[in-house]
Amino acid sequence: MIESGDWKQEQERLSEVSGKLEARIGEIEPEIEGLNEQAIEIRRKFWEEVSVSTSTNEDFEESVYSIEQQEALLSERERSHQNKVRQYHKMKRLLASPYFGRIDFREDGTGFTESVYIGVSSFVDADGLEFLIYDWRTPIASLYYDHSPGRADYQTPSGSISGNMELKRQYRIRDRQILNVFDTSDTIGDELLQQVLGGAADNRMKSIVATIQKEQNAIIRDDKSQMVIVQGAAGSGKTSAALQRVAYLLYSQRDRLRADQVVLFSPNPMFNGYVSTVLPELGEENMKQTTFQEYLERRLSQTFTLEDPFDQMEYVLSQTSDPGYEARLSGIRYKASSDFLREMQRYVESLERGGMKFHALTFQGRELVSAGRMSELFYSYDASLRTANRVAKLQEWLLAEVKRLEQEERYAKWVDEALDYVDSEQREEAYGELHQERHVFDFSEQYAAARARLNGTRRTDEGDFDFSERQEAWLRKDLVSEAFEPLKRFVKRMAFVDVTGLYMQLFDQKQSAESALVCGDAQVSVLPPYWSEISRQTRSKLERGELYGEDATPYLYLKERVEGLRSSSDIRQVFVDEGQDYSAFQYAFFKQMFPRARMTVLGDFSQAIFTQSTELSGTDSPLVHLYGAEHTRVFRLHRSYRSTRQIVEFTKALLPEASEIEPFDREGNKPLLIHSPSSRQKAESIAAHLKQLQAEGFDSIGIVTRTAAEAREALEQLAALGCPELKEITKTTPEFQKGTLVLPVYLAKGVEFDAVLIYDASAYHRESERKLFYTACTRAMHRLTLFADSVATPFMEQIDPHLYDLKTSPSVSPSC
C-alpha cells in the first residue's frame with residue numbers, strides 16, 4: 001500500500017480524469033446523434049439531390065459526377081459517425097476503471113520525468129496535447145510489463161528509447177474509486193494477481209491486460225516471426241495472451257490488418273463463445289472464429305458423412321474390444337503423420353505419369369465422353385504441366401464439348417416428343433423473347449433497305465421473320481439447355497475427376513501390403529502395422545459414403561492438389577488453439593490454405609489426448625519445419641496461474657514431463673479422493689459434495705467424465721437423486737454456460753471451473769489415458785475432488801500420497 005497523502009493525490013487525479021471522460025462523453029453524444037441523422041437524411045434524399053440526364057454525353061458525365069459526389073458525402077458522414085461511436089464506446093469502457101497501471105519514466109537526455117498512466121485504450125486531454133491515459137499496446141506501455149524500477153528501455157518504430165523508471169504503481173479501480181494501490185518492483189505484483197486469480201470462474205474469458213506477465217508480453221508483441229509457437233502449461237495464460245496478441249496486432253498494424261483478416265481455430269464450437277467477448281472489451285472487432293471440423297464439413301459434407309474428432313475419441317476410449325481396434329489406431333497415427341504427407345505428395349506427382357481416374361459424362365443413359373477419352377486427353381497435354389493445370393485444361397475442353405453436344409442434341413427424338421408437352425407458360429415466354437427479337441429483325445431489315453436505296457442498288461436477299469419456325473427453335477434450345485444444366489454444373493465443379501477413386505487407389509490391395517507403398521516411382525517407404533486391415537477399413541468406409549476423421553484432411557489435400565488450390569489469400573494471421581491436437585498433415589494443409597498468413601499456435605503436449613497429437617516444438621516438430629527454424633519463435637510458459645498451489649503440485653506429479661511447471665503461490669485445499677464401496681454410493685457421495693460446494697458459493701462447477709456415455713450416466717444418476725439444474729454439455733453445445741455442467745474431458749479443454757468433480761477416477765487405467773486424466777484435473781481453479789467406486793487410477797498410486805487427502809464416503813442422504 002502507499003502513503004495516505006499519495007492515495008489522496010491518486011484519488012483526486014482519478015476523479016479529475018473521470019470528470020473529463022464524462023464531459024467528453026457528454027459532448028460526443030449529440031455529435032453521434034447529429035451525424036447519424038445526417039446520414040439517414042442523405043440516404044433518404046439521395047436521388048432528390050442528384051440530377052440524372054442521358055440526353056447527351058456531357059449530361060451523362062454530369063449525372064455520374066453528381067452521383068459520385070453524393071456517395072462521397074454519404075460515406076464521409078457514415079465514416080465520421082462510426083469513428084465517433086467507437087470513441088464513445090471506448091470512453092464509456094474507461095469510465096468505470098480508467099487505468100490499471102502507472103510508470104514514472106525519465107528518458108535519457110531530457111530533464112523531466114513523465115507519469116504514464118496505462119489503461120485499455122488511450123484518452124487525450126481536450127487540447128490534444130497531453131495523454132491522460134495511454135493504451136496498453138503503445139510502445140511506452142511495454143515498460144510496465146517488461147521492467148522493474150531502474151534502468152529500462154522500450155522499442156519504437158524509430159528505435160530504442162532508454163531511461164530510468166522511477167516508479168511502478170498498480171491500481172484496482174471500480175466505479176471511479178480506488179480500491180487498492182500497490183507500488184511494486186515486480187512485473188505484476190503478487191498482491192494484484194492474488195486478488196484477480198482468487199475470484200470466481202466466469203462463462204466468458206476475461207481480458208488480462210492489467211495482469212500481463214513479462215513472458216506473455218513477449219508473445220503479444222512479437223510482430224516479426226512468421227510462426228509463433230506457445231508451449232504452455234495448463235492455466236499458464238497462453239490463450240489469454242494469444243487474444244491480447246490479436247488486439248495488439250490490430251492496433252500496431254491498423255493500416256494494413258483488419259479483424260476479418262484474422263482467423264482463430266478453436267477446439268470446439270462452445271469455446272468460440274467462451275472467448276468471444278475479449279476483443280470487444282478492448283475496443284476491437286472480433287476476428288473470424290471457427291473449428292477445423294466446420295471447415296471440413298463445408299468442403300466435404302455434400303459428398304461424405306464425416307466422423308468428427310469427438311466421435312473418433314469416443315471410439316478410441318470405448319471400443320477397445322473391437323476386432324479392428326489396433327489397426328484403426330495404427331491408421332489414425334499413420335494418416336496424421338509426415339510420412340503419409342510425403343507419400344501423398346509423391347502420389348500426386350506420380351499422377352502426372354499415370355493413374356488418373358475420371359468419371360464419364362453421361363446423359364439419359366448415354367455416355368457422351370468416356371473416362372478413357374478424358375484420360376487420353378489428360379496425358380496428351382504438355383508433360384511439364386502440373387496435375388491441376390492439366391485438369392483445368394481438360395475442364396475447358398469438356399465445357400466446349402458439352403456446348404457442342406448440347407447444340408446437336410436439339411434435334412434428338414426426345415426433344416421432338418417433349419415439344420408436344422410444352423406448357424402455355426413456356427410458349428408465352430418464347431413469344432415474349434421472340435417479340436423483342438422481331439423488333440431487332442425489323443430494324444435490321446429497314447436499315448439494310450435504306451442502305452440499298454442510298455447506294456442505288458436493289459437487295460436480292462430480302463427475308464421474312466418466320467415466327468413459328470423461330471418459336472420451335474427457341475423451345476428446342478430451352479429444353480435442351482435445361483436438360484444439360486446438371487451436366488454443365490458437373491463439369492464446372494470438377495466432379496468429372498474421380499477423387500474418391502484416386503484416394504482409394506492409395507489403399508489398393510494390389511499394392512504390396514507386406515512392406516511398402518510405391519507411388520509410381522522408385523521411392524519406397526515402410527508401411528505401418530496392420531496395413532491390410534487399415535486399407536480394408538478405409539475402402540469400406542469410403543464405399544459407404546463415409547469418411548473417417550483421420551481421412552478427411554488427406555482426402556481434401558489430395559482433392560485440392562488435383563483440382564487446384566482453394567486458398568484464402570486475404571487471411572494474414574492464423575491462430576490455432578489446442579495446437580497439439582492437430583496432425584502434421586493438418587498443419588501442412590493450413591499452410592496450403594493460408595499461403596500469405598503468419599501463424600500463432602498455442603498448446604500443451606501434456607494435454608495431447610488425441611491419437612494424432614503433434615509435438616509443438618523441438619527439432620522434429622512439423623511446425624518448426626513449416627516456416628523454417630529461422631522464421632519460427634518458440635515460447636515456453638511454465639508458470640500456472642489457474643489453480644491453487646495444492647492442485648498444481650498434485651497434477652504436475654501425474655506426468656513425468658510436467659516437472660518444470662511452477663505453481664503460482666495461491667493457497668487452497670488439497671485435492672480430495674473419495675472412495676465409495678459401490679457405484680450407487682459414489683453417486684450419492686457426489687450429490688452430497690455438490691450440495692456442499694453450492695452452499696459455499698461456488699457457482700461454476702464441472703462434473704468431468706471420461707466419455708460422453710459416462711456423462712449421460714452421471715446426469716441420469718444425479719438427476720434421480722434430485723440434483724437441480726444440471727446442464728449436459730455435448731459436442732453441439734453452442735455456448736459455455738455458468739452453473740453445474742456435466743461434460744466429457746475432451747470438451748472441457750481450454751475452459752476452467754471454480755470446482756471440478758472427477759466423476760470416476762477408477763476409469764482411467766491405460767497408460768494412453770494418463771494425459772486425459774491430467775487434463776481433467778487441471779480444469780479446477782479452487783477445488784478438485786475425485787470419486788472412485790473401486791481402486792483409483794494407477795496414476796495416483798505412483799505419486800506422493802501427501803499431495804492429496806483420502807476419504808471413504810460415509811452413509812449419506814441420497815439427495816442434493
Side-chain angles (χ1 to χ4, degrees), residues 1-14 16-17 94 97-125 129-173 178-196 207-223 237 241 244-245 247-248 251-252 635 637 639 641 664:
M1 291 294 185
I2 61 174
E3 297 292 332
S4 58
D6 283 351
W7 186 296
K8 182 180 178 183
Q9 287 180 0
E10 290 286 9
Q11 184 60 60
E12 287 173 353
R13 202 257 180 194
L14 174 61
E16 180 187 350
V17 171
L94 284 175
S97 180
Y99 42 83
F100 52 79
R102 166 188 168 183
I103 54 169
D104 288 359
F105 185 68
R106 181 186 290 268
E107 182 183 336
D108 290 343
T110 65
F112 66 93
T113 298
E114 181 182 8
S115 292
V116 176
Y117 286 81
I118 301 164
V120 294
S121 59
S122 294
F123 179 54
V124 184
D125 210 346
L129 299 176
E130 181 187 359
F131 270 86
L132 299 175
I133 306 169
Y134 282 83
D135 191 298
W136 66 277
R137 295 166 290 187
T138 54
I140 196 170
S142 67
L143 290 169
Y144 175 75
Y145 299 113
D146 289 343
H147 294 282
S148 301
R151 294 296 297 172
D153 62 85
Y154 64 96
Q155 298 297 318
T156 72
S158 58
S160 179
I161 305 294
S162 300
N164 202 62
M165 186 194 294
E166 298 176 350
L167 176 73
K168 184 172 187 176
R169 185 164 286 177
Q170 299 163 13
Y171 308 86
R172 288 194 71 220
I173 297 171
I178 296 176
L179 303 181
N180 298 103
V181 187
F182 309 106
D183 281 347
T184 180
S185 60
D186 297 326
T187 304
I188 301 297
D190 280 358
E191 293 160 291
L192 182 60
L193 267 175
Q194 287 280 11
Q195 293 181 22
V196 172
S207 166
I208 60 163
V209 293
T211 57
I212 292 170
Q213 302 296 290
K214 183 175 181 178
E215 62 272 19
Q216 294 168 334
N217 194 46
I219 297 166
I220 291 166
R221 293 178 186 258
D222 184 319
D223 52 10
Q244 318 304 312
R245 173 170 167 75
Y248 172 78
Y251 174 86
S252 64
F635 295 90
L637 302 178
R639 201 174 195 198
Y641 298 96
F664 179 70

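Atoms considered below: every heavy atom in the structure, side chains included; atoms not considered: hydrogens, waters and symmetry mates.
For the atom pair CE of M165 and CZ of F105, the computed distance is 7.5 Å after rounding to the nearest 0.5 Å.
By the 4.5 Å heavy-atom criterion applied to side chains, Y144 and W136 are not counted as neighbours. Taking the side chain as every heavy atom from C-beta outward, I178 and W7 approach each other to under 4.5 Å. T138 places none of its side-chain heavy atoms less than 4.5 Å from the side chain of F131. Taking 4.5 Å as the limit, every side-chain heavy atom of F100 sits out of range of all side-chain heavy atoms of T211. You'll find the side chain of R102 reaches within 4.5 Å of the side chain of E10, heavy atoms only. Side chains of E215 and F635 form no contact here, defined as non-hydrogen atoms less than 4.5 Å apart. Side-chain contact check for L14 versus Y99: some heavy-atom pair is nearer than 4.5 Å. The closest side-chain heavy-atom distance from I103 to H147 is not below 4.5 Å.
Scored by the side chain to side chain contact (heavy atoms under 4.5 Å, CB included) test, E12 finds K8 as partners (sequence neighbours excluded). Under the side chain to side chain contact (heavy atoms under 4.5 Å, CB included) criterion, S121 pairs with K90, L94, D135, sequence neighbours left out. The side chain to side chain contact (heavy atoms under 4.5 Å, CB included) test applied to N164 returns R151, E166, not counting sequence neighbours.
The backbone N or O of A247 sits less than 3.5 Å from a side-chain atom of R137, completing a donor-acceptor pair. Under a 3.5 Å cut-off, the side chain of R169 and the backbone N or O of Y117 do not form any donor-acceptor pair.
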